[in-house]
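In the text below, chain A, chain B and the rest are named by the order of the sequence lines, each starting its count at 1.
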There are 2 protein chains.
Amino acid sequence: MKDDLKLTIGKLAKISGVGVETVRFYERKGLIKRPAKQEGSFRHYPEVEAKKIRFIKKAQELGFTLKEIKELLQLQIREQATCGNITQRAEVKLSEVEAKIKDLKNMRRSLIKLVDSCGDKKISLKQCRVLDCFEPGWKC
Amino acid sequence: MKDDLKLTIGKLAKISGVGVETVRFYERKGLIKRPAKQEGSFRHYPEVEAKKIRFIKKAQELGFTLKEIKELLQLQIREQATCGNITQRAEVKLSEVEAKIKDLKNMRRSLIKLVDSCGDKKISLKQCRVLDCFEPGWKC
DNA sequence: ATAAACTCCGTACTTTAGTACGGAGTCAAC
DNA sequence: GTTGACTCCGTACTAAAGTACGGAGTTTAT
């Protein structure tokens, strides 16, 4: 409620690092909502929308689709009543996030091993394959 | 060199969890290469290709594009000569992986906080926004 | 040895996530 | 008070990553 004074779509796009068309696209997809109380005929956004767009871009890099990101953004508690519902959905997302972390740690371990094995001639060269890192029971 | 006896494209697709068309698509994109020595006029793949396809699917879930995944798959040391080159590229990928892990950990912390705050009435409800978790200096 | 199932190849279609375009209206700066 | 930049809206186009189709050839199972 402070300084959402003059955030037109162009300025929002700029500070969020996307194009104007992308903002409108996210609006159509229901990821950000059109500001209700407009003075004049142009949109005026609160600053939190910039955070939201940056969140979207980051989450995409982590392998979430826009549909999934929308679900993440809906995880906001407004009243105690809806809490159980939200907690439940949050826990699902949490386990997805943890699965990704686990997989990325395997990939990291594999890459570290690869880098190390170049310095050390004792390590067999062809055993260092990144593609093995997700196989069940894999230990590099 | 063991039992790549009879892995036709259909069987490869099945054990890898994708469709036949997808295998051919990856082949066209250069992610997997067509088996050279064919006996008969059909493709016969070594088993390692199944691992490769499973790697591709996993890596996609972690936000890597096919272009990036191709680069990851090319990180294989064959001789000491190319080692420096590969190490260098592996280190770039490694830092990307570490950045993703860091971001996912922030997201995880944010989701945990959200879940916790539902059990605890003392925590302010509206402060728990997942969308803040990537902002610089964020502490949940 | 013949039918069923599978493979090959090229081409076309689909979905997701944007990007671009263009005419009309609006705002603000000089 | 006009001019230039910005906004609005609908529509169309694009790239990435598949997915489907269909006719012809090949393999295998009976």
Side-chain angles (χ1 to χ4, degrees), chain A residues 4-47 49-50 52-73 96 131, chain B residues 4-47 49-50 52-73 96 131:
Chain A
D4 4 330
L5 299 165
K6 288 249 116 96
L7 218 38
T8 61
I9 195 167
K11 284 178 188 155
L12 173 64
K14 187 159 220 176
I15 65 172
S16 311
V18 300
V20 167
E21 307 302 319
T22 303
V23 176
R24 296 202 327 109
F25 175 73
Y26 290 160
E27 200 174 274
R28 283 203 297 283
K29 287 281 158 184
L31 283 152
I32 58 181
K33 61 173 180 303
R34 183 150 189 187
K37 31 148 202 178
Q38 292 172 228
E39 32 198 284
S41 52
F42 290 174
R43 295 167 179 85
H44 290 284
Y45 294 95
E47 262 192 296
E49 298 301 277
K52 202 179 277 187
I53 293 169
R54 286 192 295 265
F55 177 86
I56 294 168
K57 301 316 283 181
K58 274 283 187 187
Q60 280 185 308
E61 287 171 25
L62 300 173
F64 293 96
T65 64
L66 289 188
K67 185 170 164 293
E68 291 169 325
I69 293 166
K70 190 175 173 183
E71 288 163 6
L72 282 167
L73 289 171
E96 285 167 20
L131 65 89
Chain B
D4 4 330
L5 298 163
K6 290 249 114 99
L7 217 39
T8 61
I9 195 167
K11 285 176 188 156
L12 174 64
K14 188 159 217 176
I15 65 172
S16 312
V18 300
V20 168
E21 308 301 319
T22 303
V23 177
R24 296 200 330 106
F25 174 73
Y26 290 161
E27 200 175 273
R28 283 202 299 283
K29 287 281 158 184
L31 282 153
I32 59 183
K33 62 175 179 301
R34 185 151 187 189
K37 31 148 201 178
Q38 292 172 224
E39 32 200 285
S41 52
F42 290 175
R43 295 169 179 84
H44 290 284
Y45 294 95
E47 261 193 296
E49 298 302 275
K52 202 180 277 187
I53 292 169
R54 286 193 295 265
F55 176 86
I56 293 168
K57 301 315 286 179
K58 274 283 188 187
Q60 280 185 310
E61 285 172 26
L62 300 173
F64 293 96
T65 64
L66 290 187
K67 185 170 164 289
E68 291 169 326
I69 293 167
K70 190 175 173 184
E71 289 163 6
L72 282 167
L73 289 171
E96 285 166 20
L131 66 88

- [ ] Report yes if a side-chain nitrogen or oxygen of Thr22(B) is closer than 4.0 Å to either non-bridging phosphate oxygen (OP1 or OP2) of dA17(D); otherwise report no.
- [x] no
TODO: List in chain and number order the residues that pass side chain to side chain donor-acceptor pair (under 3.5 Å) with Lys57(B), two or more places apart in sequence or in another chain; answer none if no residue qualifies.
DONE: Tyr26(B), Gln60(B)
Open item on the list: It should be established whether Lys57(A) places a side-chain nitrogen or oxygen under 4.0 Å from OP1 or OP2 of nucleotide dG18(C).
Closed with: yes
Open item on the list: Looking only at the side chain of Glu21(A) (C-beta and beyond, no hydrogens), which of the listed nucleotides dG18(D), dT7(C), dG10(D) gets closest?
Closed with: dG10(D)
Open item on the list: Would you say Thr8(B) places a side-chain N or O within less than 4.0 Å of OP1 or OP2 belonging to dC6(C)?
Closed with: no
Open item on the list: Nearest to the Phe25(A) side chain among dA17(C), dA20(C), dT27(D), which nucleotide is it?
Closed with: dA17(C)
- [ ] Determine yes or no for a side-chain-to-main-chain donor-acceptor pair under 3.5 angstrom, with Arg54(B) supplying the side chain and Ile15(B) the backbone.
- [x] yes
Open item on the list: The side chain of Arg24(B) is closest to which nucleotide in this list: dG10(C), dA17(D), dG10(D)?
Closed with: dG10(C)
Task: Residue among Leu31(B), Leu66(B), Val18(B) satisfying side-chain contact (heavy atoms from CB on, under 4.5 Å) with Phe25(B) - done: Leu66(B)
TODO: Return the value, rounded to whole Å, for the distance between atom NE2 of His44(A) and atom C1' of dT7(D).
DONE: 10 Å
- [ ] Report the distance from atom CD1 of Ile53(A) to atom P of dA17(C), rounded to the nearest whole Å.
- [x] 16 Å
TODO: Would you mind classifying the nucleic acid contact of Gly10(B) as base, sugar-phosphate or nothing, using non-hydrogen atoms under 4.0 angstrom?
DONE: sugar-phosphate
Task: Separation of atom CD1 in Ile32(A) from atom P in dG18(C), rounded to whole Å - done: 12 Å
TODO: Look at the side-chain N and O atoms of Arg43(A) and state whether any lies under 4.0 Å from the OP1 or OP2 oxygen of dC9(D).
DONE: yes
Task: Side-chain heavy atoms of Arg34(A) within contact of Arg43(A), under 4.5 Å - done: yes
- [ ] Tell me whether the OP1 or OP2 atom of dG18(D) has a side-chain N or O from Gln60(B) closer than 4.0 Å.
- [x] yes
Open item on the list: What is the separation between atom NZ on Lys14(B) and atom P on dT7(C), rounded to the nearest whole Å?
Closed with: 11 Å
Open item on the list: In whole Å, I'd like the distance from the CD1 atom of Ile9(A) to the C1' atom of dC6(D).
Closed with: 11 Å
TODO: Check step by step if salt bridge (Lys or Arg N to Asp or Glu O under 4.0 Å) holds for Lys33(A) and Glu49(A).
DONE: CA-CA 9 Å; Lys33(A) 61 173 180 303; Glu49(A) 298 301 277; 5.5 Å; no
Task: pair Phe55(B)-Leu72(B): side-chain heavy atoms closer than 4.5 Å - done: yes
Open item on the list: Let's see if you can work this out: which of dT26(D), dG18(D), dC8(C) has an atom nearest to the side-chain heavy atoms of Arg34(B)?
Closed with: dC8(C)
Task: Interatomic distance where OH belongs to Tyr45(B) and P belongs to dC8(C) [whole Å] - done: 7 Å
TODO: May I have the distance from Phe64(B) (atom CZ) to dA16(D) (atom C1'), rounded to whole angstrom?
DONE: 17 Å
Open item on the list: Without decimals, in angstroms, what is the distance between Lys29(B) NZ and dG18(D) P?
Closed with: 10 Å
Open item on the list: Measuring to OP1 and OP2 of dG18(D), would you say a side-chain N or O of Tyr26(B) lies under 4.0 angstrom away?
Closed with: yes
Open item on the list: Counting only side-chain heavy atoms from C-beta out, which of dC9(D), dT19(D), dT7(D) sits nearest to Phe42(A)?
Closed with: dT7(D)
Task: Below 4.0 Å: OP1/OP2 of dT27(D) and any side-chain N or O of Ser41(B) - done: yes
